[in-house]
Amino acid sequence: MVEHVIPKNLEEALKYLNAKPYKVIAGGTDLMVQHRAWSALSPNFKTPLLFCFNLNALKYIKVQNDEIAIGSMTDLETLLDHPLTPEILRKVISVMASPAIRKVSTLSGNIINASPAADSLLALYALDAKVVCRSLHTEREVLVSEMVLGPRKTQLKAHEIITEIRIPKTSFTHTTFVKVGGRLADAISKVAFVGCAQIVNNQVKDLRIVLNAVSATLIRQKAIESQWLNKAPNVLQSQMDTILEAYEAYIQPIDDQRSNKYYRKQTALNLIKQFINTL
Amino acid sequence: MSTINRSVPKVDAKDKISGKMLYVSDLHIDGMYYAKTVRSTISKGFIKSITLPELPEEVTVVDYRDIPGKNNVKMIFEDWPVFAEKAISHYGEPIMLVVGPNKAIVQDVVNEIDIQYTLAEPVFDMVNSVVDYHFTKGNPESAFKNAKRTIKYTYETGYQEQAYIEPQGFIGTIEGNKVHLTGSIQAPYYVKNAVVETLACDPSDVRIVQANVGGAFGGKEEFPSLIGCQLAVALKKVKKPIKLIYEREEDMEVTTKRHPAKITMEAAIDENHHISAIKAHVGIDGGAFTGLSSVVLSRAMIAATSAYTIAHLQVDGDVYLTNTVPNGAFRGFGAPQMIFAVEMFMNHIAKDLSKDLHAYRLNHLAKQHDLTTTSGTFRDPILMPQMIEKACEMSDYHHKKTLYERPGSYKGIGMSWFLHGCGFTGSGEAEHIKAKVKLRKDEQDNVHLMIAAVDMGQGAKTTLMKVAAEVLKRPLETIHFDNPDTDQVPDSGPTVASRTAMVVGGLVARAAKQIKDNWVDGKVQTVHESYKQPEYMSWDQATFTGDAYPAYSWGVNVVEVEVDKASYEVTVKNIWSVYDVGKSLDDNIVLGQADGGTAQGVAYGYLEVMRHKDGKIVNKNMTDYVIPTAVDMAKTETVLFDNPFALGPYGAKGAGELTLVGGAPAVATAIEMAINKRIYKIPATPEYLMELIHSDNN
Ligand SMILES: Cc1cc2nc3c(=O)[nH]c(=O)nc-3n(C[C@H](O)[C@H](O)[C@H](O)COP(=O)(O)OP(=O)(O)OC[C@H]3O[C@@H](n4cnc5c(N)ncnc54)[C@H](O)[C@@H]3O)c2cc1C
């Protein structure tokens with residue numbers, strides 16, 4: 001069995017990380033599955049492990065400088081019930097996994113696992129959320145959408161741990177979340193969608209559209225969004241084809257055991273259309 | 001009328017809910033070894049070479065050369081090897097077991113074994129027929145000649161995985177010559193007979209005990225014979241206790257599944273728009289070995305007109321072998337595929353003729369004294385008209401139908417009518433199973449049911465004990481029913497084919513009556529009963545003529561759905577069911593079967609997708625093989641009609657499979673209404689619905 005350590009506090013965790021490239025385990029709901037072995041044998045880990053789920057100092061959700069700050073070891077079930085959790089994030093979490101899994105899984109795990117089908121990322125991308133990465137000597141803040149580079153690839157460095165997720169306060173008049181996963185719990189998205197908009201005096205003041213499972217990383221195209229600001233919703237609706245064509249260029253799904261690319265693409269476009277038609 | 005249907009707490013419920021109940025993987029024997037199966041990584045070809053690593057001490061490799069008897073898993077045909085010799089017929093075919101006391105070391109050895117193959121071209125299409133059946137009723141040729149028009153469609157169904165909670169497994173010990181296997185099984189004597197043949201030993205040298213079974217659904221009917229034989233061979237060689245438990249993915253990749261089927265139906269329509277004759281061809285994909293496929297095929301063919309009577313029939317069927325995982329027993333056993341085809345076909349004919357679906361189907365419904373597909377007779381009353389009326393009333397069917405049929409509603413309500421033959425097909429009970437039961441009264445006047453029936457969660461223990469208690473007029477606590485042990489109980493047959501309550505329960509009732517009639521307080525008394533085929537039944541297996549089943553259970557399912565316009569996903573809103581199972585032996589247990597059966601049957605129709613790619617199952621875990629969760633399950637409402645069957649205990653017929661077989665067409669016809677397109681295959685996935693919705697020629 002590989003070396004595994006349970007640090008007592010963040011300081012100690014940072015020191016361990018500084019000494020060796022430990023793998024951080026938060027809830028382990030991705031890692032334990034990915035490294036599963038024949039029952040009753042230890043999981044197949046090759047790298048030493050740092051168990052961080054009991055770092056209570058990283059379990060919080062609070063308001064801080066006009067942002068919502070979430071400690072990285074806060075479990076999803078706690079976020080689901082917390083009044084500070086942004087509405088769209090709550091909607092997404094409510095259909096992630098199942099209650100037992102949510103009780104022991106985290107946003108930072110969902111981010112660093114970097115699955116193209118990760119659900120919480122829909123809300124985190126839409127909300128321009130950032131992560132705080134710390135090492136013994138450094139601290140940096142990175143947009144979640146920039147943290148993720150590709151399937152299972154992030155720009156997290158070997159000696160870093162995510163300590164906090166920061167979500168700028170926003171307000172929307174419209175928020176929509178649709179997960180297409182075959183069933184209502186314990187499902188992996190075939191495609192999922194988040195749409196947020198702020199409409200003031202019949203003008204689109206803010207528009208955010210995110211899709212998962214239809215390309216190597218989640219799709220959020222700020223350049224497309226900004227083209228449609230300060231216009232009336234019916235302008236968007238009347239130019240639906242232009243909007244859909246713009247997105248179509250980025251929607252490049254694959255065939256796998258759960259669905260096929262034609263379905264994923266068509267459904268993704270349908271979801272964008274459906275959202276814009278509700279504005 | 002008896003009040004036996006009043007529910008009691010299930011006798012196994014407390015231990016299961018509290019977590020106290022032990023299953024085979026919980027069993028531990030000091031000093032036991034672990035076995036892991038080495039499997040082929042190709043779909044077809046030959047083993048060129050096997051290179052073993054240097055084996056650590058105490059690690060043994062077991063393969064076909066260690067088999068003392070026949071390298072064949074005893075079933076119907078002799079084509080299923082216990083271990084592959086040279087030829088490989090499917091991906092994941094067992095080649096050997098690696099056995100040792102330390103799991104990690106066993107795993108390392110498995111990883112280091114190098115097997116080289118000569119590849120051959122695998123066959124995945126249904127082209128290689130190994131079983132070919134055929135029967136007719138009346139004169140189909142002349143009916144087709146006189147037909148005003150003919151209508152023909154082809155229907156396809158996919159795999160279904162049993163998805164029992166507990167994967168397959170056994171634990172075994174050996175003492176002298178005697179092999180003792182405890183496993184998660186549905187048919188203790190099937191395993192015993194298979195092991196005896198493989199070991200070429202005296203039957204008394206094999207003892208099979210049923211462990212508590214965590215679900216089976218048919219998946220533990222014949223497949224455990226394979227593992228049992230392998231483990232028995234290993235026990236003979238290693239001479240240590242050995243445990244062999246499948247992991248979930250291994251189980252989903254290599255164990256038997258529901259046969260994919262392709263069914264072509266052609267109807268002759270007479271001048272009154274009535275169906276005068278049907279020609280059906282039923283093709284099922286047996287996978288790599290025949291196994292029980294011939295029996296599955298016959299049940300499908302016999303259900304060729306389901307709940308309807310058609311005067312003239314020609315029914316042909318084939319089992320095709322492909323280089324894929326062997327398919328086998330699964331709750332419904334060929335009927336779900338056939339009933340899907342029949343129900344869709346009836347609707348499609350009515351649509352082609354611009355007839356009201358409901359009225360058209362009612363006109364063809366089977367009635368008492370009608371001839372069955374195999375020219376036997378429906379002897380008992382058929383309550384379907386009342387049951388259908390009840391189902392319509394519960395679901396508000398007719399009103400909703402008018403609402404939802406409006407184009408663009410994306411809502412639908414669908415209905416299926418069906419029957420299920422209870423017990424083994426034809427003379428199976430009398431000629432092959434020959435069920436025997438034994439009841440023993442001890443000195444404390446407790447009565448022990450000595451039968452081979454297995455409680456896999458369906459409630460067999462509770463219901464059979466209730467039957468004995470009711471006959472004896474004794475409290476339930478004085479009746480005992482241990483998990484069967486072939487050293488203790490006679491062969492009362494496998495726990496399959498919706499036969500247990502009706503056939504075994506009937507024998508238990510007769511045996512209990514014997515004890516009651518000869519009751520002496522405080523005296524040990526033992527009685528035996530054995531199956532006798534009802535005198536009215538006659539069956540010719542060669543021509544498929546006569547009474548295929550002693551009795552039929554009947555059912556109606558109504559399913560209401562909504563289809564999402566953006567994602568094409570189906571939400572099942574409500575399920576209403578009406579069943580005639582003769583007489584319920586415990587209402588909660590039958591309602592439990594109803595909820596579970598419709599969940600499984602409806603999901604078969606729209607949700608559960610399993611495919612193989614180049615012979616490898618791709619949906620091999622519970623993430624990728626989507627079955628409904630508790631939050632996906634629709635509201636259900638079920639009503640039972642009493643229609644006692646003279647030969648069943650208190651009138652009971654079969655209930656286990658009936659509740660599954662009508663689910664798929666009920667949901668599929670609901671979806672058809674919602675999207676105003678025709679469905680020809682299941683599962684009706686959102687991907688398929690998208691194609692249909694976007695297609696002009698459907
Ligand atoms: C049954 C089941 C259902 C699921 N359903 C869903 C679903 O509906 N939607 C969905 O998106 N996902 C789902 N998942 C996947 C998983 O639960 C989520 O991705 C979850 O958010 C992972 O969190 P975790 O804390 O368990 O991560 P872990 O497994 O602990 O870690 C995942 C990765 O993140 C890294 N990591 C974790 N925390 C940190 C940190 N603070 N700093 C640096 N690196 C870190 C780990 O090193 C690892 O690489 C499901 C999983 C299961 C088993």
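In the text below, chain A, chain B and the rest are named by the order of the sequence lines, each starting its count at 1.
The minimum heavy-atom distance linking A:K23 with A:T47 is given by the pair CB-OG1, 3.8 Å. The shortest non-hydrogen separation linking A:I276 to A:L236 is CG2-CB, 3.9 Å. Between A:S120 and A:N110, the closest heavy-atom pair is OG-OD1, 2.7 Å. In this structure, B:V667 and B:V602 approach most closely via the heavy-atom pair CG1-O, 3.7 Å.
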Could you show, one pair per line, the donor-acceptor contacts under 3.5 Å between chain A and chain B?
residue: A:R36; atom: NH2; partner: B:E249; partner atom: OE1; Å: 3.4
residue: A:R36; atom: NH2; partner: B:E249; partner atom: OE2; Å: 2.5
residue: A:S39; atom: N; partner: B:E247; partner atom: OE1; Å: 3.2
residue: A:S39; atom: N; partner: B:E247; partner atom: OE2; Å: 3.4
residue: A:S39; atom: O; partner: B:K103; partner atom: NZ; Å: 2.5
residue: A:S39; atom: OG; partner: B:K103; partner atom: NZ; Å: 3.2
residue: A:S39; atom: OG; partner: B:E247; partner atom: OE2; Å: 3.3
residue: A:G182; atom: N; partner: B:E569; partner atom: OE2; Å: 3.0
residue: A:R183; atom: NH1; partner: B:I627; partner atom: O; Å: 2.7
residue: A:R183; atom: NH2; partner: B:M622; partner atom: O; Å: 2.9
residue: A:L184; atom: N; partner: B:D632; partner atom: OD1; Å: 2.7
residue: A:L184; atom: N; partner: B:D632; partner atom: OD2; Å: 3.4
residue: A:K190; atom: NZ; partner: B:E687; partner atom: OE1; Å: 3.4
residue: A:K190; atom: NZ; partner: B:E687; partner atom: OE2; Å: 3.1
residue: A:D256; atom: O; partner: B:R611; partner atom: NH2; Å: 3.4
residue: A:Q257; atom: O; partner: B:N619; partner atom: ND2; Å: 3.0
residue: A:Q257; atom: NE2; partner: B:D624; partner atom: OD2; Å: 2.8
residue: A:R258; atom: NH1; partner: B:D624; partner atom: OD1; Å: 2.4
residue: A:S259; atom: OG; partner: B:E687; partner atom: OE2; Å: 2.5
residue: A:Y263; atom: OH; partner: B:S567; partner atom: O; Å: 2.5
residue: A:N270; atom: ND2; partner: B:A566; partner atom: O; Å: 2.9
residue: A:N270; atom: ND2; partner: B:Y568; partner atom: OH; Å: 2.7

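At a 4.5 Å heavy-atom cutoff, the contact between A:L41 and chain B is made by side-chain atoms alone. B:M610 does not touch chain A: none of its heavy atoms, backbone or side chain, sits under 4.5 Å away. Contact of B:V626 with chain A is made through backbone and side chain together, with heavy-atom distances under 4.5 Å. Interface remark: A:A268 contributes no atoms to any contact with chain B (heavy atom separation under 4.5 Å).
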List the steps, then state whether side chain to side chain contact (heavy atoms under 4.5 Å, CB included) holds for A:L124 with A:I111.
-> CA-CA 9 Å; A:L124 297 177; A:I111 297 167; 3.8 Å; yes

Given the rule in the side chain to side chain contact (heavy atoms under 4.5 Å, CB included) test, do A:V95 and A:F177 qualify, once you have shown the distances and angles that lead to the verdict?
-> CA-CA 10 Å; A:V95 299; A:F177 164 62; 3.2 Å; yes

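Comment: A:E225 does not engage A:K222 in a salt bridge, judged by the lack of any side-chain N to carboxylate O separation of less than 4.0 angstrom.
Within 6.0 Å of the CE atom in A:M240, the count of heavy atoms belonging to other residues, nucleotides or ligands exceeds 12.
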